[in-house]
A.B. asks: 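Structure in structure tokens, see below.
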Amino acid sequence: MVDFTLSDEQKALREMAHDFAVKEIRPVAWEYDRDGTWPAEILRKAWEVGLMNSHIPEEYGGPGASYFDGCLIEEEMAWGCSGIQTSVGANGLATSPVIIGGSEEVKREYLGMLTEEPKLASFCLTEPDAGSDVSGMRTRAVRNGDKYVITGQKCFITNGGYADWYTVYAKTDPEAGHRGISAFVVPRDDTVIVDKKEDKMGQRASNTATITFNETEVPAGNLLGAENKGFKLAMMTLDRTRPGVAAMAVGIARAAFEFATEYSKERVQFGVPIAMHQAIQFLIADMATKIHAARLMTWNAGVLLDQGRRNTLESSHAKRFAADTAMEVTTDAVQVYGGYGFIKEYPVEKLMRDAKIMQLYEGTSQIQRLVIARETLLPRHIEEPATVTA
Ligand code: CAA
């Protein structure tokens, strides 16, 4: 049987996340966006009530929530402010490769660090010359006895300026393309330099930094999975985290949709509320359909993960469609507001700016289409183990 009804526990979780967004996030969201304020206090509160690190298994001190439940949380929190939720949720991206490929010792130390205190970790894949083309990265990791020495620069790193440790991808065999990349857990020390905080179009409350690793030494045991298997680890991670990004995109779209529908009932033109005009009704109808479809795709991608099944295709369907939906719906919300939509005093222009990054980070909409095309035209039957051991 296929049933989209939430259980009582799931409804309670969603309500908890929604209340948090209403009370802690919404009241400051537009101000934090304007000033680019780092939401330290909100992160601490989210950690305290269990809305951070939801994916970390119970044996390492986390709530061990399902991927599906994670999607419920991400939609509500992003409805509050997707910039703030990007900061709250970024530990999920950094810890996923650790959960998949870390040794028991590494998991206890680094996952435990995040569940014992409200600390942060960042995922370092992208480089100035290696964005969509992951295997073009230049960061090097050289084995030296029982250590690796890592040198290189990573950019667009969410929470990079505030992280206590990093999941870093580096070339261990530079001649081997994607088969020469390895992943490591790298604690922050004084060889890790935070170079630049980006001044962004949207999601301005989140921290995005350039991080340089300057001959940073890590114990060989911090290698995640096997040497030269880091590319697959990165892809497996993105399969797991893209549904959460899709859920955030649904949250942004829903926020814009709610503002637009309310406004359309209040704004009077030609003697009636604009909601009475078919031109506006059809915009609202299309927004509603897209949000509904995006949410169903997102839930589907999350449920497959919870069933232990490979979800590469569904994850890209959800991320692509939900991100494009967020962009379209927020643009249409501005349209419903007319000239006022373009003014910062009204809420929807922020949402339109925030939506843009959903089509860019964790794989652009074009990369999602590439994955969808490949999985459709030449389906790969990758037997994916639940964990990758060294
Ligand atoms: N799961 C497991 N293995 C996978 C896989 C998956 N989903 N996808 C590919 N692989 C394997 C393939 O089977 C292949 O294995 P073999 O070595 O055995 O042949 C290998 O990986 C290489 O696969 P491809 O030939 O498909 O690799 P590619 O170089 O063509 O790249 C890509 C594929 C989809 C374009 C990929 O590079 C990609 O996803 N790029 C986008 C990167 C991205 O999303 N970056 C976002 C950074 S994180 C971020 O934005 C967050 C932030 O903090 C801001």
Side-chain angles (χ1 to χ4, degrees), residues 82-83 85-97 100-101 120-137 139 154-163 166-169 173 176-183 197-198 200 202-203 206-211 225-226 228-246 248 301 304-305 309-317 319-320 323 356-388:
S82 64
Q85 173 51 24
T86 287
S87 299
V88 172
N91 279 0
L93 186 57
T95 54
S96 185
I100 302 169
L120 298 173
S122 292
F123 182 80
C124 299
L125 184 68
T126 304
E127 298 186 4
D129 295 321
S132 296
D133 180 11
V134 172
S135 56
M137 70 173 61
T139 296
K154 298 287 177 178
C155 65
F156 304 154
I157 306 306
T158 300
N159 290 353
Y162 296 92
Y166 303 84
T167 307
V168 180
Y169 293 81
D173 182 352
H178 74 266
R179 294 185 181 144
I181 293 171
S182 304
K197 177 193 174 241
E198 303 294 351
K200 305 190 298 281
Q203 296 212 341
S206 72
N207 175 266
T208 308
T210 296
I211 310 291
N228 297 325
K229 298 283 188 223
F231 186 91
K232 275 194 189 187
L233 199 55
M235 293 304 117
M236 288 169 72
T237 294
L238 293 167
D239 285 350
R240 282 159 178 73
T241 56
R242 283 173 181 160
V245 178
M248 284 177 57
L304 287 173
L305 286 173
R309 290 159 67 187
R310 186 164 173 257
N311 74 337
T312 305
L313 176 62
E314 292 77 5
S315 198
S316 284
H317 276 319
K319 163 70 166 70
R320 199 293 284 167
K356 186 62 213 172
I357 191 65
M358 310 314 288
Q359 296 178 307
L360 302 171
Y361 68 14
E362 292 206 29
T364 61
S365 290
Q366 287 67 32
I367 287 296
Q368 306 312 324
R369 286 181 173 89
L370 191 109
V371 173
I372 293 164
R374 283 185 187 177
E375 293 283 324
T376 304
L377 295 166
L378 205 64
R380 271 194 279 232
H381 298 287
I382 301 173
E383 277 308 315
E384 189 182 271
T387 57
V388 179

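For ligands, and for the atoms within them, numbers begin at 1 and follow the listed sequence.
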A.B. asks: Using heavy atoms and a threshold below 4.0 Å, how should the contact between Tyr361 and ligand 1 be classified: side chain, backbone, both, or neither?
C.D. replies: both
A.B. asks: Show the atoms of ligand 1 that are less than 4.0 angstrom away from any heavy atom in Asp239.
C.D. replies: 1 (N), 6 (C), 7 (N)
A.B. asks: Counting from 1, what ligand 1 atoms have a heavy atom of Thr158 closer than 4.0 Å?
C.D. replies: 52 (C), 53 (O), 54 (C)
A.B. asks: Determine whether the side chain, the backbone, both or neither of Thr126 has a heavy atom under 4.0 Å from any heavy atom of ligand 1.
C.D. replies: side chain
A.B. asks: What do we get for Thr364 next to ligand 1 when only non-hydrogen atoms under 4.0 Å count, side chain, backbone, both or neither?
C.D. replies: neither
A.B. asks: Which heavy atom of Thr241 sits nearest to which heavy atom of Ser96, and what is that distance?
C.D. replies: CG2-CB, 4.5 Å
A.B. asks: Going by the order shown, which atoms of ligand 1 are within less than 4.0 Å of some heavy atom of Thr312?
C.D. replies: 7 (N)
A.B. asks: Check for a donor-acceptor pair, side chain of Lys319 on one end and backbone N or O of Thr364 on the other, with a separation under 3.5 Å.
C.D. replies: no
A.B. asks: Do any N or O atoms from the side chain of Gln368 and from the backbone of Gly363 form a donor-acceptor pair under 3.5 angstrom?
C.D. replies: yes
A.B. asks: Which one holds for Asp133 and ligand 1: side chain close, backbone close, both close, or neither close, with close meaning a heavy atom under 4.0 Å?
C.D. replies: neither
A.B. asks: Hey, is Leu238 touching ligand 1 through its side chain, its backbone, both or neither, going by heavy atoms under 4.0 Å?
C.D. replies: side chain
A.B. asks: Would you say the side-chain atoms of Asn311 pair up with the backbone N or O of Leu304, donor to acceptor, closer than 3.5 Å?
C.D. replies: no
A.B. asks: With side chains defined as the heavy atoms from C-beta onward, is the minimum distance between Tyr169 and Phe231 less than 4.5 Å?
C.D. replies: no
A.B. asks: Tell me, please: is Arg242 in heavy-atom contact with ligand 1, that is, under 4.0 Å?
C.D. replies: yes
A.B. asks: Show me which atoms of ligand 1 lie under 4.0 Å from any heavy atom of Leu93.
C.D. replies: 51 (C)
A.B. asks: Any N or O of Ile367 that comes nearer than 3.5 Å to an N or O of ligand 1?
C.D. replies: no
A.B. asks: Please round to the nearest 0.5 Å and tell me the distance separating atom CG of Asp133 and atom OG1 of Thr126.
C.D. replies: 11.0 Å
A.B. asks: Provide the closest heavy-atom pair for Gly161 versus Asn207 in the form atom of the first, atom of the second, distance.
C.D. replies: N-OD1, 2.9 Å
A.B. asks: Can you figure out which of Lys232, Arg374, His178, Arg179 has its heavy atom closest to atom 24 (P) of ligand 1?
C.D. replies: Arg374
A.B. asks: Closer than 4.0 Å to some heavy atom of Phe156 - which atoms of ligand 1 meet that?
C.D. replies: 52 (C), 53 (O), 54 (C)
A.B. asks: When you measure from atom 36 (C) of ligand 1 to each heavy atom in Met235, Gln368, Gln203, which option holds the nearest one?
C.D. replies: Met235
A.B. asks: Mind listing the closest non-hydrogen atom pair of Thr86 and Gln203 along with its distance?
C.D. replies: OG1-OE1, 2.8 Å
A.B. asks: Please could you name the atoms of ligand 1 that Phe123 approaches to less than 4.0 Å, counting only its heavy atoms?
C.D. replies: 48 (S)
A.B. asks: Out of all atoms in ligand 1, which are within 4.0 Å of some heavy atom of Val371? Include the element for each.
C.D. replies: 34 (C)
A.B. asks: Starting at OG1 of Thr312, measure out to CZ of Arg310 and round the result to the nearest 0.5 Å.
C.D. replies: 3.5 Å
A.B. asks: Keeping the roles fixed (side chain from Asn159, backbone from Ser87), state whether a donor-acceptor pair exists under 3.5 Å.
C.D. replies: yes
